Amino acid sequence: MLMIISAWISLFPTIILSPQKHLWTLVTSQGFFLTFFSLAWIFLQDFNFANSLFLIDKISGPLAILTCWLFPLTILASQSKMCLEPITRQRTYIANITFLQLTTLLAFTTPDLMLFFIFFEASLVPTMVVITRWGAQERRLEAGMYLAFYTMLGAVPLMIWITKFYSTHGSLLPSLTHTLHVTQALTSYPGLFWATYNAAFLIKLPIYCLHLWLPKAHVEAPIAGSMILAGTLLKLGGYGILRTSPLLQENNLNQTLFIMLIAILGILATALLCLRQTDLKSLIAMSSVSHMNLVVAAALISSPWSYSGAMAMMIAHGLTSSALFCLANTSYERTNSRTMILLRGTLTIFPLAGAWWLIIMLLNMALPPTINFAAEVLIMVSLYNWSPVAFLIVALNLIFTTAYTLYVLWSTQRGPLPNHIKTLFPYQIREHLLFFLHILPGLLLILNPEFIF
């Protein structure tokens with residue numbers, strides 16, 4: 001694990017010292033080397049490695065690989081726009097993205113609660129820099145403020161709880177794995193206690209009602225910001241809930257019924273909101289909220305099947321939503337618009353890109369036998385075991401998801417070809433490679449899904 005972290009840190013000299021001509025090539029190559037190195041290391045360790053510095057298990061291992069996998073893809077996706085900027089800004093941008101992914105990776109792999117909290121909050125700074133400095137719209141400062149205030153307000157009760165935990169048990173090292181159940185007896189209101197210390201994670205996911213920062217951040221962020229935000233930063237919230245979930249025993253689900261109701265409402269409401277969106281990135285952001293509320297519902301049920309479903313959903317969503325943002329970005333680079341009605345008819349002039357749209361939207365819709373489908377089945381079965389009524393309500397989400405998937409495909413790909421897109425430049429091999437590398441892990445996981453269950 002130290003070798004992987006050293007390889008990440010060695011990216012910074014590469015960014016500073018590389019000649020302008022070879023900067024993007026060297027960083028991307030080193031990123032891919034880092035990714036495949038992390039894959040080999042994880043397979044050798046078989047998701048079972050722990051010491052005082054790092055913890056790799058069935059929860060953190062897949063998310064750590066996802067973080068490493070998405071890094072070179074974000075660099076690939078950013079090249080076309082960023083190459084036009086001065087070289088100093090290019091170096092700053094790449095260094096910022098590298099630092100953001102490094103803090104996320106460290107948050108996923110640390111065994112110490114306080115270090116997890118520090119890295120969890122440290123990821124806020126480079127995210128804000130990316131959105132407020134390289135965002136394309138004039139409301140990017142507002143989006144950055146929303147992100148900062150939501151995150152910091154949620155962090156206060158988590159910080160208080162960590163301090164209380166340390167004063168009670170004298171250590172934060174084993175706290176992420178074994179001794180969390182000790183704290184269970186300290187509170188008379190387990191539901192309120194769970195909601196309070198998980199507020200930071202619920203905001204990060206985000207749960208419905210605390211999600212207003214996410215569409216703003218996604219719409220204003222550049223492509224790398226959107227990819228990292230959807231691919232790994234949202235998963236920090238899910239990881240925090242799953243990692244600290246021994247605090248919530250099964251008999252306390254009645255205490256957190258209110259949060260479960262909000263999550264179920266969020267699954268349906270955001271899927272319906274997708275049908276009203278005209279902005280492509282805003283629609284993908286709302287779709288992310290819907291999928292992440294499924295993770296909240298699964299974490300609350302606290303059964304082995306629901307945990308496996310939540311884990312698989314996070315990995316599948318990290319790849320799929322990142323790919324969707326890449327597709328939206330390729331359209332935006334050509335038309336300078338995210339309004340779906342202005343992108344209609346592109347299937348006629350970009351047939352291969354139309355195939356990528358179809359495949360990735362079907363993955364988002366959880367078509368069998370994809371890993372997205374396996375995740376939804378596991379969560380649905382867990383929901384049915386808990387409450388058949390809740391299962392029937394959440395099952396409506398399958399219809400709504402199909403509806404907005406068809407809405408996106410029909411709005412962007414079908415219809416008459418408008419005059420303003422007849423002269424667009426064709427898709428590059430770099431972009432096709434980008435889409436393929438997003439889909440490839442999902443296809444491989446169909447053959448062997450045990451890695452993330």
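Given the structure is predicted, the values throughout are model-derived calculations rather than measurements. Along the sequence shown, residues are numbered consecutively beginning with 1.
At distances below 3.5 Å, at least one donor-acceptor pair connects side-chain atoms of T35 with backbone N or O atoms of C68. Side chain of T110 to main chain of A107: no donor-acceptor pair is present (N/O by atom type, distance under 3.5 Å, no hydrogens or angles). At least one donor-acceptor pair closer than 3.5 Å links the side chain of S302 to the backbone N or O of A299. A side-chain donor-acceptor contact under 3.5 Å links N96 to the backbone of P126. Checked by atom type and distance alone, the side chain of S290 never pairs as donor or acceptor with a backbone atom of G266 at under 3.5 Å. Using modelled atom types, one side-chain atom of R430 and one backbone atom of L76 make a donor-acceptor pair closer than 3.5 Å. With hydrogens and angles ignored, the 3.5 Å screen pairs no side-chain donor or acceptor of Y93 with any backbone N or O of W134. T401 places a side-chain N or O within donor-acceptor distance of the main-chain N or O of N397, the cut-off being under 3.5 Å. With hydrogens and angles ignored, the 3.5 Å screen pairs no side-chain donor or acceptor of E85 with any backbone N or O of K81. Between the S387 side chain and the A390 main chain, a donor and an acceptor come within less than 3.5 Å of each other.
With sequence neighbours left out, the salt bridge (Lys or Arg N to Asp or Glu O under 4.0 Å) criterion links R91 to no other residue. For E121, the salt bridge (Lys or Arg N to Asp or Glu O under 4.0 Å) criterion is met by no residue, not counting sequence neighbours.
The aromatic ring centres of Y239 and F116 sit less than 6.0 Å apart. For F149 and W213, the gap between ring centers reaches or exceeds 6.0 Å. Two rings, from F201 and F120, have their centers less than 6.0 Å apart. Ring-centre distance between F435 and H438: not below the 6.0 Å cut-off.
Using a 4.5 Å heavy-atom cutoff, the side chains of I223 and M227 are in contact. Side-chain atoms of E376 and P368, non-hydrogen and from C-beta on, never get closer than 4.5 Å to each other. S60 is listed as a side-chain neighbour of D57, based on a closest heavy-atom distance under 4.5 Å. Inter-residue side-chain proximity for R338 and S331 is flagged as unmet; no heavy-atom pair is nearer than 4.5 Å. Between Y332 and L280 there is no side-chain heavy-atom pair separated by less than 4.5 Å. Side-chain contact between W194 and L202 is present, with at least one heavy-atom pair separated by less than 4.5 Å. Residues M286 and H218 have side chains not in contact (no heavy-atom distance under 4.5 Å, counting atoms from C-beta outward). T270 places none of its side-chain heavy atoms less than 4.5 Å from the side chain of Y404.
Atom CH2 of residue W69 and atom OG1 of residue T74 lie 13.0 Å apart, to the nearest 0.5 angstrom. Separating the CE atom in M82 from the CD1 atom in I87 is a distance of 9.5 Å, to the nearest 0.5 Å. Remark: F108 CZ to R243 CZ distance equals 11.0 Å, nearest 0.5 Å. Taking CG of L73 as the start and CG of L319 as the end, the distance is 9.0 Å to the nearest 0.5 Å. Distance check, rounded to the nearest 0.5 Å: CD1 of I360 to CD1 of I439 gives 4.0 Å. To the nearest 0.5 angstrom, L229 atom CG is 5.5 Å from L214 atom CG.
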Kindly indicate, with the supporting measurements, whether the criterion side-chain contact (heavy atoms from CB on, under 4.5 Å) is fulfilled by I59 and Y307.
CA-CA 9 Å; I59 302 177; Y307 285 153; over 6 Å; no

Apply side-chain contact (heavy atoms from CB on, under 4.5 Å) to the pair L105 and F119, showing each step before the final yes or no.
CA-CA 9 Å; L105 180 68; F119 291 129; over 6 Å; no

List the steps and the verdict of ring-ring contact (aromatic ring centres under 6.0 Å, His included) for W356 and Y427.
CA-CA 12 Å; W356 290 124; Y427 276 65; 9.8 Å; no

As a quick check of understanding, evaluate side-chain contact (heavy atoms from CB on, under 4.5 Å) for F451 and I371, giving each step before the final call.
CA-CA 11 Å; F451 286 119; I371 198 69; over 6 Å; no

Passes side-chain contact (heavy atoms from CB on, under 4.5 Å), T98 versus W8? Steps please.
CA-CA 8 Å; T98 308; W8 272 97; 4.0 Å; yes

Side chain to side chain donor-acceptor pair (under 3.5 Å) assessment of T67 paired with Q101
CA-CA 7 Å; T67 306; Q101 291 286 63; 5.4 Å; no

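Enclosure of atom CE in M152 by more than 12 non-hydrogen atoms of other residues, nucleotides or ligands within 6.0 angstrom is indicated. For F32, the CZ atom sits in a packed shell: over 12 heavy atoms of surrounding residues, nucleotides or ligands are nearer than 6.0 Å. Residue M159 qualifies as open at atom CE: its count of foreign heavy atoms under 6.0 Å is 12 or below. By the neighbour-count criterion of 12 heavy atoms within 6.0 Å, atom CH2 of W24 is densely surrounded, having more than that number from other residues, nucleotides or ligands. Around the CD1 atom of I429, the shell of radius 6.0 Å holds no more than 12 heavy atoms that belong to other residues, nucleotides or ligands.
Considering every non-hydrogen atom in both K235 and G318, the closest pair reads CE-N, 3.7 Å. Residues N293 and Y208 share a closest heavy-atom pair of OD1-N, 3.2 Å. Closest approach of A200 and L158 over heavy atoms only: CB-CD2, 3.9 Å. Nearest approach of M314 to L242, heavy atoms of both residues: CE-CD1, 3.5 Å. The two residues L26 and S18 come nearest to each other via the heavy atoms CD1-OG, 3.4 Å. Taking each heavy atom of A199 and P157 in turn, the nearest pair found is CB-CG, 4.2 Å.
At a cut-off of 3.5 Å, with distance as the only test, a side-chain donor of T320 or N372 sits close to an acceptor on the other residue. Donor-acceptor pairing under 3.5 Å is recorded for the side chains of S288 and H317. No side-chain donor-acceptor contact under 3.5 Å links N385 and S382. At a cut-off of 3.5 Å, with distance as the only test, no side-chain donor of S80 or E431 sits close to an acceptor on the other residue. Between K281 and S226, the side chains place a donor N or O and an acceptor N or O closer than 3.5 Å (distance only, hydrogens not considered).
Within the structure, salt bridge (Lys or Arg N to Asp or Glu O under 4.0 Å) pairs that include any residue of residues 129-149 comprise R139-E142, E142-K216 (at least two apart or interchain).
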